[in-house]
Amino acid sequence: MHEDGNGGGEHAASPESEPDVEQPAFLALERELTVLLRRARASQGEMARAVHPDLEPSAYGLLVRLDECGRQRATELAGYIGVGKATMSRQLRALEELGLVGREPDPADGRAWLVALTGEGRRRVSRVREARRGRYAGRLADWDPAEVTELARLLNQLNRGMER
């Protein structure tokens with residue numbers, strides 16, 4: 001699929017209905033999201049190393065997902081993260097070797113396995129996430145709490161819109 005999402009130009013929207021991407025608001029949005037994403041990538045690497053020195057930065061989000069949602073099938077995790085089965089299997093093997101996750105049979109389907117954080121994995125991830133929230137609180141200490149709430153709401157709305 002092409003980046004414009006229309007499969008190569010067939011049935012493309014008319015120029016009148018397309019948003020004006022040169023508007024100052026969209027230019028500012030692009031600039032600020034670029035900075036935010038660059039910082040997030042760097043931060044993800046730091047957080048991964050804080051969980052375990054040998055942890056790949058890309059695996060940190062996987063650990064956070066397991067921390068928030070509990071045990072899941074590898075296929076669910078792959079779909080959420082947006083990687084293939086082979087990549088997910090490799091990441092899970094590495095996380096198992098580090099003692100951060102374990103597998104257990106799925107009671108709903110004896111052929112499938114569920115992946116879950118180990119006790120050590122949960123302790124390490126919780127410690128790093130708590131420290132990260134502390135950094136957010138420190139950096140946003142001069143913000144009105146309602147502004148922080150509104151930022152979280154708007155980021156959630158943006159993330160939901162990006163899932164379409």
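In what follows, every heavy atom counts, from backbone to side chain, and hydrogens, waters and symmetry copies are set aside. Note that the structure is predicted; figures quoted are calculated from it, not measured. Numbering starts at 1 and runs along the sequence shown.
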Salt-bridge criterion met for E130 and R127 (N-O under 4.0 Å) | no

Test applied, side chain to side chain contact (heavy atoms under 4.5 Å, CB included); reference residue, L77; option that passes from L66, V83, V101 | L66

Minimal non-hydrogen separation, P57 against A48, with atom names | CA-CB, 3.7 Å

For T118 and G102, the nearest pair of non-hydrogen atoms, with its separation, is CG2-N, 3.8 Å

Would you say the side chain of R73 lies within less than 4.5 Å of the side chain of V115, judging by non-hydrogen atoms?
-> no

For atom CZ of R135, is the number of surrounding heavy atoms from other residues, nucleotides or ligands below 6.0 Å larger than 12?
-> yes

Do the charged groups of E96 and R93 touch, with an N to O distance under 4.0 Å?
-> no

Kindly indicate, with the supporting measurements, whether the criterion side chain to side chain contact (heavy atoms under 4.5 Å, CB included) is fulfilled by R41 and R38.
-> CA-CA 5 Å; R41 277 191 300 276; R38 185 177 61 244; 4.1 Å; yes

Cluster question for you: counting only ILVMFWY and a side-chain heavy-atom cut-off of under 4.5 Å, with indirect links fine, are I81 and L95 together?
-> yes

Salt bridge check: are R129 and E68 linked by an N-O gap of less than 4.0 Å?
-> yes

Evaluate the side-chain proximity of Q91 to S58: yes if any heavy-atom separation is below 4.5 Å, no if none is.
-> yes

Hey, are the side chains of E97 and D54 touching, using non-hydrogen atoms and a 4.5 Å cut-off?
-> no

Check: R71 side chain, A116 main-chain N or O, donor-acceptor pair, under 3.5 Å | no

Are E150 and E147 close enough that some pair of their side-chain heavy atoms sits under 4.5 Å apart?
-> no

Between R90, R49, Q44, which is the residue that forms a side chain to side chain donor-acceptor pair (under 3.5 Å) with E56?
-> R90

Please report the closest heavy-atom contact between L114 and P107, naming both atoms and the distance.
-> CD1-CD, 3.9 Å

Are any non-hydrogen side-chain atoms of R124 and L117 less than 4.5 angstrom apart?
-> no

What heavy-atom pair brings F26 and D20 nearest, and what distance separates the two atoms?
-> CD1-O, 3.4 Å

Would you indicate whether the side-chain heavy atoms of L100 and V125 approach each other to under 4.5 Å?
-> no

Do the non-hydrogen side-chain atoms of V128 and L63 ever get within less than 4.5 Å of each other?
-> no

Short side-chain to backbone donor-acceptor contact, S43 and R39, under 3.5 Å | no

